[in-house]
Colleague: 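First the structure, which I've put down as C-alpha cells, then a few questions once you've had a look.
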Amino acid sequence: MPELPEVESICNLLRVGDAQQASILGLSIMDVHILWDRSVVNDNKPLFCRQIIGESILQINRRGKYLVFTLSGERFLLIHLRMSGDLLVRGGECPPGK
C-alpha cells in the first residue's frame, strides 16, 4: 500500500505531468471500465458510468490517501490506490491490458 508521500507524488504527476506523461487536467472521461465491482460504492454501476462519461477533469487533490478528482459536472471522483498503488491512465485507443 502506498504511503502518503507516494500518493502525493502520484497526485502531482497527474496534475502537472512530467517529461514522459502529460497532465490529465482538462481531459474528458471517454469510457469507464470497472474491473472490480466492489471498487464502486454506487450499487447501480451502469448509471455511475453514464454519469461520469463526458466529464472533464478540472482539478486533482489529495485527501489522506485518496485522490480527489473535481469533475466538470459538479461531481467528485474519489480514488484510493489500494494495495498496488497503481492508477492506469490510458488514451482512448489503448485497450486495457491484463
Side-chain angles (χ1 to χ4, degrees):
M1 179 179 303
E3 297 300 327
L4 226 43
E6 288 85 14
V7 177
E8 183 65 28
S9 294
I10 292 169
C11 182
N12 287 332
L13 177 63
L14 294 171
R15 188 183 315 125
V16 179
D18 66 6
Q20 298 164 341
Q21 176 183 317
S23 167
I24 66 169
L25 292 179
L27 296 180
S28 295
I29 299 170
M30 303 303 293
D31 199 6
V32 178
H33 295 281
I34 300 171
L35 302 177
W36 190 51
D37 281 342
R38 291 180 42 197
S39 63
V40 177
V41 174
N42 187 336
D43 287 335
N44 191 338
K45 310 293 187 277
L47 175 62
F48 167 78
C49 293
R50 283 194 310 272
Q51 287 176 332
I52 66 170
I53 288 176
E55 298 276 337
S56 296
I57 301 169
L58 301 179
Q59 191 173 359
I60 304 170
N61 293 302
R62 179 190 60 77
R63 177 76 175 169
K65 291 189 178 182
Y66 286 90
L67 296 174
V68 182
F69 288 62
T70 304
L71 304 178
S72 57
E74 297 182 6
R75 299 180 197 277
F76 295 92
L77 182 62
L78 300 176
I79 297 176
H80 191 282
L81 298 175
R82 309 199 43 88
M83 293 298 287
S84 69
D86 293 334
L87 178 65
L88 301 176
V89 178
R90 298 179 184 261
E93 68 282 352
C94 296
K98 292 184 179 180

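Positions are given from 1 along the sequence.
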Colleague: So which pairs with a foot in residues 70-80 pass salt bridge (charged side-chain N to carboxylate O under 4.0 Å, His left out), sequence neighbours left out?
Modeller: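 Sorted result for residues 70-80: Glu55-Arg75.
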
Colleague: Atom CG in Leu71, atom CD1 in Ile57: separation rounded to 0.5 Å?
Modeller: 6.5 Å

Colleague: State the OG-CG distance between Ser9 and Leu14, to the nearest 0.5 angstrom.
Modeller: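 Here the rounded value is 11.0 Å.
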
Colleague: Measure the spacing between CG of Leu58 and CG of Leu27 and express it to the nearest 0.5 Å.
Modeller: 11.0 Å

Colleague: Quick one: which residue pairs count as a ring-ring contact (aromatic ring centres under 6.0 Å, His included) with a foot in residues 39-76, not counting sequence neighbours?
Modeller: Tyr66-His80

Colleague: Transitively linked via ILVMFWY side-chain contacts under 4.5 Å: Val68 with Val32?
Modeller: no

Colleague: In Å and rounded to the nearest 0.5 Å, what is the CG to CD1 distance from Leu67 to Ile10?
Modeller: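 The CD1 atom of Ile10 is 7.0 Å from CG of Leu67, to the nearest 0.5 Å.
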
Colleague: Do Val16 and Ile60 belong to the same hydrophobic cluster, where Ile, Leu, Val, Met, Phe, Trp and Tyr are linked whenever their side-chain heavy atoms lie under 4.5 Å apart, directly or via other members?
Modeller: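 No, Val16 does not connect to Ile60 through the hydrophobic network.
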
Colleague: Taking all atoms of both residues into account, what is the closest heavy-atom pair of Ser28 and Gly54, and its distance?
Modeller: OG-O, 4.2 Å

Colleague: Listing request: all salt bridge (charged side-chain N to carboxylate O under 4.0 Å, His left out) pairs with a residue in residues 58-73, at least two apart in sequence or in separate chains.
Modeller: Glu3-Lys65, Glu8-Arg62

Colleague: Can you list every ring-ring contact (aromatic ring centres under 6.0 Å, His included) pair that touches residues 4-30, not counting sequence neighbours?
Modeller: none

Colleague: Taking side chain to side chain donor-acceptor pair (under 3.5 Å) as the test, write out the residues that go with Asn44, two or more places apart.
Modeller: none

Colleague: Could you tell me which residues satisfy side chain to side chain donor-acceptor pair (under 3.5 Å) with Arg15, sequence neighbours excluded, listed by chain and number?
Modeller: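 Counting only residues at least two positions away or on another chain, Arg15 forms a side chain to side chain donor-acceptor pair (under 3.5 Å) with Asn12.
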
Colleague: Please round to the nearest 0.5 Å and tell me the distance separating atom CG of Leu13 and atom CD1 of Ile24.
Modeller: 9.0 Å

